[in-house]
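As structure tokens, the structure follows; a few thoughts come after it.
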Number of protein chains: 2
Amino acid sequence: MSLRHAVLGLLADRTASGYDLMKLFDSSLANVWPATQSQVYGELGKLAGAGLLEVAAEGPRGRKEYAITESGLAELRSWLIDTRPDRTRRSETLLRVFFLGVLSRVEAITYLSLEADRAAAEHEELEGLEASVDWGDDQISVYGRLALAYGLRLTAMQQEWAEWARGQVAARLPAD
Amino acid sequence: MSLRHAVLGLLADRTASGYDLMKLFDSSLANVWPATQSQVYGELGKLAGAGLLEVAAEGPRGRKEYAITESGLAELRSWLIDTRPDRTRRSETLLRVFFLGVLSRVEAITYLSLEADRAAAEHEELEGLEASVDWGDDQISVYGRLALAYGLRLTAMQQEWAEWARGQVAARLPAD
DNA sequence: CTCTGACATGTCGAGAGTGGAAGGTCAAGG
DNA sequence: CCTTGACCTTCCACTCTCGACATGTCAGAG
């Protein structure tokens, strides 16, 4: 049920069309809550039907500019304050770690090395993002920066862990 | 498509029934790849139909003991070696951070404090798990320990981040 | 002997997410 | 004038996940 709140949250900042929203999902929210076109447009329709959004203006090419309503804002606030986030995490990377035993030691070490490289690359990418984005003082910028800092810490931790884990596996006597 | 490989991976270690598998999902894999009964039994059926698993024995109460086949093992190995993990991550916690601007400063700080507490609690829980599990030398134990170490590092990082973020928000002049 | 609790498998429907196809408008450049 | 590319929305078919429900067996306690 988070997609609906992601849409509400983006529209709390400024009005936008489905097309605009897609760009926001692909840039700022890409690493946090990805969404496809079909999802976004579908959700806009439902939200408007439920009165949480309204069509503020219609532009050329059938463009519909959506704006959040009072009850939409209330719903967003209540989601933020009254409900606890769902934290079911699925990590395919970690799932694979459980089964590394079916591989040879060398193959397992390779897997962990690749994971360390990937984390390092992602870390650099986020650093690039941090440098390139021009951070304003609007809500999304201020708090988006906090989210980016999380990503930086996460990828750094992942790299350290993968290197440590590789060492752990390598240290076991080659008694496979 | 990871559920199928999770099942194959568990059965690579030892044979098991759907019921046994559920217990493994609820204990070892709970934090990495949760699954429900209906999913597990459904997947077992499909996997057996595809020849990646076979019913090794039938026990009382209709119990079916599944074992991985040669082609199942090949599929598992190829998944581990030839394919890169899907790393689409969704974090409702982080999504909320983006929208903290619609709340008052105090409410935002409360949110981040709760998040720090939650991470700390989860960290302790994992430490308890580490102490209570009796770690053998089997594959799942050896590599499961690496996964647990990841969880420990993750929750520690989350707590630090949340406390830092709370400080960041608090430091801004109360000009809301 | 009967009750209870662990063992054990299965079906169904609703909702979320994925990927792509289809259809149409407008502005600007060649 | 005509093509191209950006703009913009809608629909569909599919898989995955969740939670509840249905069905039944077996061992041990009382």
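Lettering of chains follows the sequences in order, A, B, ..., and the numbering in each one begins at 1.
Nearest-nucleotide positions on DNA chain C for B:Gly42 and B:Arg61 put B:Arg61 closer to the 5' end. When each of B:Asp20 and A:Pro60 is assigned the nucleotide of DNA chain C with its nearest heavy atom, B:Asp20 is the one assigned upstream, toward the 5' end.
Between the P atom of C:dA6 and the CG atom of B:Asp26 lies a distance of 15 Å, rounded to the nearest Å. Residue A:Lys64 contributes atom NZ, which lies 15 Å from atom C1' of D:dC7 at whole-angstrom precision. Between the P atom of C:dA16 and the CZ atom of A:Phe25 lies a distance of 14 Å, rounded to the nearest Å. To the nearest angstrom, C1' of C:dA16 lies 15 Å from CG of A:Leu47. Between the CG atom of A:Leu44 and the P atom of D:dT10 there is a distance of 9 Å, rounded to whole Å. In this structure, A:Leu29 atom CG and C:dG17 atom P are separated by 13 Å, rounded to whole Å. When the C1' atom of D:dC14 is taken as reference, atom CE of B:Met1 falls 12 Å away, rounded to whole Å. Taking atom OH on A:Tyr19 and atom P on C:dT25, their separation rounds to 17 Å, with Å as the unit.
Between the side chain of A:Arg96 and the backbone N or O of B:Trp79 there is at least one donor-acceptor pair closer than 3.5 Å. Formation of a donor-acceptor pair under 3.5 Å by the B:Arg90 side chain with backbone atoms of A:Pro34 is found in this model. Remark: the backbone N or O of A:Ala121 is not paired with any side-chain donor or acceptor of A:Glu124 at under 3.5 angstrom.
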Show me the protein contacts with nucleotides 18-20 of chain D, counting only N or O atoms at under 3.5 Å.
| unit_1 | atom_1 | unit_2 | atom_2 | d |
| --- | --- | --- | --- | --- |
| D:dC18 | OP1 | A:Arg90 | NH2 | 3.4 |
| D:dC18 | OP2 | A:Arg90 | NH2 | 3.1 |
| D:dC18 | OP2 | B:Gln39 | OE1 | 3.2 |
| D:dG19 | O6 | B:Ser38 | OG | 2.7 |

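Under 4.0 angstrom from either OP1 or OP2 of C:dA6 there lies no side-chain N or O belonging to B:Lys23.
Comment: B:Glu107 does not engage B:Arg105 in a salt bridge, judged by the lack of any side-chain N to carboxylate O separation of less than 4.0 angstrom. Using a cutoff of 4.0 Å between basic side-chain nitrogens and carboxylate oxygens, A:Arg87 and B:Glu115 are scored as salt-bridged.
No side-chain N or O of B:Glu54 forms a donor-acceptor pair with one of B:Thr69 less than 3.5 Å apart.
Within the 4.0 angstrom heavy-atom criterion, no nucleotide atom of any strand lies near B:Met22.
Listed nucleotides: C:dC7, C:dA16, D:dT9. Nearest to the side chain of A:Tyr41: D:dT9. Comparing C:dG17, D:dT9, C:dG10 by their nearest atom to the side chain of B:Tyr66 picks out C:dG10.
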Enumerate donor-acceptor pairs with a distance under 3.5 Å from any side-chain N or O in residues 145-157 of chain B to protein atoms, sequence neighbours excluded.
| unit_1 | atom_1 | unit_2 | atom_2 | d |
| --- | --- | --- | --- | --- |
| B:Tyr150 | OH | A:Gln158 | NE2 | 3.0 |
| B:Thr155 | OG1 | B:His123 | ND1 | 2.9 |
| B:Thr155 | OG1 | B:Gly151 | O | 2.9 |
| B:Thr155 | OG1 | B:Leu152 | O | 3.1 |

